[in-house]
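Below is one structure; the comments refer to it alone.
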Amino acid sequence: EVQLVESGGGLIQPGRSLRLSCTVSGFTFGDYAMSWFRQAPGKGLDWVGFIRSKAYGGTTEYAASVKGRFTISRDDSKSIAYLQMNSLKTEDTAVYYCTRGHGGNSVGSLDWGQGTLVTVSS
Amino acid sequence: DIQMTQSPSSLSASVGDRVTITCRASQGISNNVAWFQQRPGKAPKSLIYAASSLQSGVPSKFSGSGSGTDFTLTISSLQPEDFATYYCQQYNSFPLTFGGGTKVEIK
């Protein structure tokens, strides 16, 4: 069974950093691209960023709103994708989801995790 | 950025009704559209990719169509578990963008 489990969320002050993890099971993590999305309370879905599999260079893409502040990485040996969030702003408050693509260079979202809530507030 | 205009933003329907939701892209995006269902308090679930391909395990009452700029999601016979919010998404180019969502409520 495919599972994606996000963790690392919580209450954090503006300007601080937080790292989210997406731990997966049920598939060969290294073969797939991974994406991060977020959903502010009561709002719609927003794309955060994307990382290709190592076979496609492991390169990343980011939304303009997070570029330069957020970094996506992956540890294929541990089957974990990370979202490092720096210089957090109140508008980053959201539930963050990770998703699995259809392949190593696919931005599709085949499977979703349950999400982890990040609250940025003083 | 490609804008996805989804309509209606909400609708009321009865069990057994046929429901159609539309999405219009601000420029041509081939068939690079996905549809997601989100029940209250839950994570989104993938229904359709490549505009018309059904995700594994998704009931055949869901169908998608379209190409270029105009896309539709149809639910052939609405059931209680289908009352949710539905989102379209384009993945033709970065940044990936979503429609505003359609909340399907019980009449």
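Chain letters run A, B, ... following the sequence lines, proteins first, then strands; residues in each count from 1. Side-chain atoms are counted along with the backbone in the values below, which use heavy atoms only and exclude waters and symmetry mates. Here the structure is a predicted model, which is why all the values come from computation and not from measurement.
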Review point. Hey, mind stepping through B:Tyr49 and A:His102 against side chain to side chain contact (heavy atoms under 4.5 Å, CB included) and telling me if it holds?
Key: CA-CA 10 Å; B:Tyr49 65 99; A:His102 292 261; 3.7 Å; yes
Review point. Please walk me through it: do B:Gln89 and A:Phe37 pass side chain to side chain contact (heavy atoms under 4.5 Å, CB included)?
Key: CA-CA 12 Å; B:Gln89 179 212 49; A:Phe37 296 87; 3.4 Å; yes
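Residue B:Leu47 is not grouped with residue A:Val107 when hydrophobic side chains (ILVMFWY) are merged at heavy-atom distances under 4.5 angstrom, including chains of intermediate members. Cluster membership for A:Tyr96 and A:Tyr82, using ILVMFWY side-chain heavy atoms within less than 4.5 angstrom, is not shared. No single ILVMFWY cluster, assembled from side-chain heavy atoms under 4.5 Å apart, contains both A:Leu20 and A:Trp112. Note on A:Val95 and A:Ile12: separate hydrophobic clusters, where clusters join Ile, Leu, Val, Met, Phe, Trp and Tyr whose side-chain heavy atoms are under 4.5 Å apart, directly or indirectly. Under a hydrophobic clustering in which Ile, Leu, Val, Met, Phe, Trp and Tyr are joined whenever their side-chain heavy atoms come within less than 4.5 Å, directly or via other members, B:Val15 and B:Ile21 fall into the same cluster.
Contact annotation for A:Phe50: only side-chain heavy atoms (C-beta onward) come within less than 4.5 Å of a heavy atom of chain B. Within the 4.5 angstrom heavy-atom criterion, no atom of A:Asp111 approaches chain B. Heavy atoms closer than 4.5 Å to chain A are found in both the backbone and the side chain of B:Tyr91. Within the 4.5 angstrom heavy-atom criterion, only side-chain atoms of A:Glu61, from C-beta onward, approach chain B.
Taking a 6.0 Å sphere around CZ of B:Arg24, one finds it holds 12 or fewer heavy atoms contributed by other residues, nucleotides or ligands. In A:Lys67, the NZ atom is not crowded: 12 or fewer heavy atoms of neighbouring residues, nucleotides or ligands sit closer than 6.0 Å. Applying the 6.0 Å contact sphere to CD of B:Gln3 captures no more than 12 heavy atoms from other residues, nucleotides or ligands. No more than 12 heavy atoms of other residues, nucleotides or ligands sit less than 6.0 Å from atom NZ of A:Lys43.
Residue B:Gln55 holds its CD atom at 5.0 Å from CG of A:Leu110, rounded to the nearest 0.5 Å. Atom CZ in B:Phe94 sits 11.5 Å away from atom OH in A:Tyr62 (nearest 0.5 Å). A:Leu45 CG to B:Phe36 CZ: the interatomic distance, rounded to the nearest 0.5 Å, is 8.0 Å.
Contact count versus chain A (heavy atoms, under 4.5 Å) is highest, among B:Leu96, B:Thr97, B:Asn32, for B:Leu96.
The two atoms that bring A:Gly113 and B:Ala43 nearest to each other are O-CB, 3.1 Å, heavy atoms only. The heavy-atom pair separating A:Ser109 from B:Ser46 by the smallest distance is O-CB, 3.4 Å.
Residues A:Gln39 and B:Tyr87 meet the side-chain proximity criterion, which asks for heavy atoms closer than 4.5 Å.
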